[in-house]
Amino acid sequence: MAAAGSLRLADADYQSSYYVSAFNRPQDRSPGRVYVNSAIIWKTPNAQIDVVVSARNILNASKQVA
């Protein structure tokens, strides 16, 4: 019998700031961002079928990180 399911509450990735041009001017700096994702995975007894509900960028990573 297969496991009833698995749960991944959240994972996070950090992307540091970077410059979008070779001149490294302050106005060309893209700020750091944190991406938070989540997933609920149900593994059915049939090994070929999994049911997945997921969400990406839960915290809206367009916001700047200091």
- Message: Let me confirm one number: the CZ-OG distance from Arg29 to Ser21, rounded to the nearest 0.5 Å.
- Response: 13.0 Å
- Sidechain-backbone polar pair: Asn37 side chain, Asp11 backbone, donor-acceptor under 3.5 Å: no
- Flag yes if Trp42 and Ile49 sit in one hydrophobic cluster, no otherwise; membership is Ile, Leu, Val, Met, Phe, Trp, Tyr, and two members link when side-chain heavy atoms are under 4.5 Å apart. no
- Message: Test of understanding: with salt bridge (charged side-chain N to carboxylate O under 4.0 Å, His left out), list the residues that count as partners of Arg25, not counting sequence neighbours.
- Response: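 Applying salt bridge (charged side-chain N to carboxylate O under 4.0 Å, His left out) to Arg25 gives Asp28.
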- side-chain contact (heavy atoms from CB on, under 4.5 Å) with Ser30: which residues, sequence neighbours excluded?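 Here the qualifying residues are Tyr18, Val20, Arg33.
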